[in-house]
Every structure is written in C-alpha cells, then in structure tokens.
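Have a look at the structure below, then the notes.
First the proteins, then the strands, lettered A, B, ... as listed; each starts at 1.
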Amino acid sequence: MHYVLHYGQIAPYLPYLMGGMAISLALSILSFIGGMVLGLFFAVIRNEGHPVAGRLVRIYVAFFTNTPQLVQIYVIYFGLPDFGILFSPFAAVLIGMTLNAAAYLTEILRAGLSTVHAQELDAAETLGMNRLQTLRHVTLPHLFKVAMPALTNQYILMTLGTSMAAIFGVEELTGRAFNINSTTFRSIEIFTTVAALYVVVTFIATILLALVGRWAFRARVPVL
Amino acid sequence: MAHLDIRGLVARYNNATVLDGIDLSIERGEIVSLIGPSGSGKSTLLRVISGLLPPRAGTVALAGETINYADRRSLRRSRDKLAIVFQQYNLFGNMNVLRNVMVAPVTIQKRDKKTVEAEACALLAKVGLADKLNAYPDELSGGQQQRVAIARALCLKPDILLLDEVTSALDPERVGEVLDTVKMLAADNMTLLIVSHEMGFVREVSHRVAFMADGKIQEMGPPAQIFGTPQQPRTQAFVSRILGH
Ligand SMILES: Nc1ncnc2c1ncn2[C@@H]1O[C@H](COP(=O)(O)OP(=O)(O)OP(=O)(O)O)[C@@H](O)[C@H]1O
Ligand SMILES: [Mg+2]
C-alpha cells in the first residue's frame, strides 16, 4: 500500500501546536525553578549533616527517585481528592513534577556542594563572612559552575517529561498532538513534527544554559 | 601590653592533643617566627588563633581583649584586626583577582567600593600583580596566587597578620617574590606571626623565633640564639638537622 506523506495538512495546526509548546515550557520551567529552590534547601540540609532533617531529606529523595513519576502524579491527581484536596490537571502535574525534580536536584546539588573546597570555606570564615555570605559568594557560584552540565541534563529530561501531562488531559504539546491526530489521522506527520519541535526546544535550552553557565559561573561547558 | 597574648592554649583533634599549653606573647610591630618539625602543631596554632578550631583551654587576647571563640560577635571583632594567609592560598576560584581582594572589605566591612577598589589595586601593584586584576586563580602561578592571598589579607587592614608557610608550595624561583612581599610588610611595622621552613628568611626578618615540638614551645629567643646557641637539646638537634650540619 502507499501512504503519501502530507505535511501540508497539518500546517494550519502549527499555531495550535505552538500554544501547546508554551504550556510544556511553562510546566518544565516552573517545575525546574520550584525543584531548584526545594532541592537547594534540601541539599544544604543534607550537607550540614543535621541528624533528623538530613534523614527526612534522605527518605524524601529515596521515595521520589524510586517510584515512577507517573504514579506520583496519579496519587496527587486521583488520590488526594479522596482527602478533599483537588487540583486541576495542570496544577497536579506541576506539583508532581516539582516534587520529583526536587528529589533529583537535591542529589545533583549535594554532589556539587561536596566539591566546594574546604580551604575556600576556611578563607571565607577567617575573612569574616557569615553563613549566608559564604553561601552567596563562595558556595553557590562554585556549585552552579560544577553542577551546570548535570542541571542542564536534568532540565532537558524534565522538558521531555512534560509529555506525560497529556495523560491527565493537559493540552500541552503532546496532548495537542493527540487532539490533531484524532481528527486528521495524519499520525506520522503529526508526531514527527512534534518530535522535531521537542528537539528544537531542548537544543535551544541546552545552548542557553551553556551560555548562562559560561557567563555567570565560568563553567567550562561546550556550547555545542 | 602585648599585641597578641596567648596563654595556656590547648587544642585537640578528636582525642589527640595537638597544642599542649602554648604561651606566646607578641609585641606590636614585632615579627615572630614559628619553626618546628612537621606535625608539631604550628598550623594548628594559627587555626586556633584565627577561630577555625575552638581551643579546649587557654586564652588568646588581641590588644588586651580576650577573644571569646564561642561568641560570634567577639570572633567578628577579632577578624577585623587579624588576618591569616594559608599555605594553600585558599583563593576563591569563582572570583577574579580583584574580586578576591575586594570581597571581604566591601561585603563584610561595608567599606566604600570605590575606595576599596583603589586600595586593592594599589596593594596588587605593590605585590607585582597590577596586570592580573582580571585573571582567575586557576590562570595564575602558585607564587602569583600566594601574593594575591597576601594582598587579600592586607586589604582588610589587619593589625596582625598570620602567615602559614606561604612559600612551601612554591618552586624555588617563586619563593623569592613572596619573601620580598613579606619583607615589605615587615618594613611597614605590622605585627607578624610567621610559620616557615625557610630558615634563611626566618633568620633575616624575625625579631624572635619560637621552636615548637610536641604541641609546646620548647625554646624561644632571638634568631642568633635559636640558630647560633640553642639552649635546649631538641632545638639543637632540629636546627643542626635543618641547617645541614
Ligand atoms: N583536621 C585534622 N584532623 C585531625 N588531626 C589533624 C588535623 N589537622 C592536623 N591534625 C594533626 O595535628 C597535628 C599537628 O598538625 P599541624 O598541621 O598543626 O602541624 P604543622 O606543625 O603545621 O606541620 P607541617 O609543618 O607539616 O605543616 C598532626 O599530628 C596532624 O596529624
Ligand atoms: Mg602546617
């Protein structure tokens, strides 16, 4: 049989797909930022060796890195309503992704923190810096510099992971692709186009993050 | 009144007593060198004085004011007056040379940025690094990094400077540049406590030399005494070994 590729038929849907892309990006960027804030907090707790708080963080990380993200979001979206906590699909996915990202980012950031040179910390202390000043001027710049490649990688994974939101009815890029598919049945054209869009987006993100790393933190990340 | 007055100082790592009752009194403008075998506790003494390792017993007083190492404010006050340069330079890898020197005066002492910058540039010029202001530590030689570390300490305008083997990580050609810098400080009438293995240098710049072993100061006196006519057998053994007799 002959299947004639007909990309022209999905061209009118491009703006619609772009809108979905914006939702995907919103999910990945927001959950990455949220995950970074939580992860940084957890990583510092872990690194300070606080006995109780450190153990709680370890349990948190173990839980979220050893269960499927899909199941985590299921619990939030379908499980929590039983306790009277209701979320929109978007909110449920965002919360699930943020909590999940926090666990992975905790591990990445903690590994980075452990590479901060003890001598630099000694210098900071004897120069009179308090903890917060040390964190801001010494620890964090070093951390972002060494962790930049791993953080970039994590962000890319999260961008691709947003496609899972389609399962919950969030009309992000993949969700909209499903919608178009069910009316046009141009599966190959649609999903290759969508795949290409993901490639473009992750490619741009990789470059942007590499540039940020270079300029802000002197990270030696090849831009390409 | 002594500028730096140390009495009965005891320090431990885990259960090992590293400083076992140190008494040391240094006058304003005096240069005292600490010598002694590896592991005798010289670096530990500087770490305790600068507040990186809390003492188990004894006191340290700066210009008559005893430092309370358990009190952040007291510690802060002491760090305004006292600076330390480490053996491994300990520069901040994420900052260029100028920022390394400026960060503490600007962010901690809250001094005017323009003024600090002018002072930092002058100090860096003084140690021969005027053309390296924008370089990062990993782009500098060991001797250059060590001189940045000295400039960083000086920019805090300390009354007392502690120097821990500032030349030991350097190759011989670089040692000279750093020693010249230290001699310059000595000429400025700063109070200096120097740990060094460079006996020629110690003999040349020190007013007094303290020989340390087993966590105690075994003998102390002018360089002529320590290197020429040491009183204690342990000092004699150390000095004759290190001077190669
Ligand atoms: N962080 C540490 N933890 C445990 N023990 C330590 C630590 N630092 C130093 N020590 C021990 O304390 C003793 C004194 O060490 P210190 O570094 O003060 O010696 P030093 O006189 O400076 O020697 P060197 O001339 O080799 O620099 C040594 O026995 C050393 O093993
Ligand atoms: Mg030492």
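By the 6.0 Å contact criterion, CG on A:Leu86 is enclosed, its count of non-hydrogen atoms from other residues, nucleotides or ligands being greater than 12. By the neighbour-count criterion of 12 heavy atoms within 6.0 Å, atom CZ of B:Arg7 is sparsely surrounded, having that number or fewer from other residues, nucleotides or ligands. A 6.0 Å sphere centred on CE of A:Met18 holds no more than 12 heavy atoms belonging to other residues, nucleotides or ligands.
Among B:Arg76, B:Arg72, B:Arg79, the residue with the largest count of heavy-atom pairs under 4.5 Å with chain A is B:Arg79.
Taking both residues in full, the closest heavy atoms of A:Gln133 and B:Ile108 are given as OE1-CG1, 3.9 Å, listed atom of the first, atom of the second, then distance.
Remark: A:Thr126 OG1 to B:Asn90 CG distance equals 7.5 Å, nearest 0.5 Å. With rounding to the nearest 0.5 angstrom, the CD atom of B:Gln88 is 12.5 Å from the CD atom of A:Glu120.
Of residues 36-43 of chain A, no residue lies under 4.5 Å from chain B by any heavy-atom pair.
Both the backbone and the side chain of B:Phe92 come within contact range of chain A, judged by heavy atoms closer than 4.5 Å. Neither the backbone nor the side chain of A:Ala118 comes within contact range of chain B; no heavy atom of the residue lies under 4.5 Å from a heavy atom of that chain.
For the pair A:Asp122/B:Arg47, a side-chain contact is recorded, criterion being any heavy-atom separation below 4.5 Å from C-beta on.
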Between A:His137 and B:Val103, does the side-chain contact (heavy atoms from CB on, under 4.5 Å) criterion hold? Intermediate values first, please. CA-CA 8 Å; A:His137 294 290; B:Val103 65; 4.1 Å; yes

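B:Arg152 contributes no side-chain N or O that, together with a main-chain N or O of A:Leu127, makes up a donor-acceptor pair within less than 3.5 Å.
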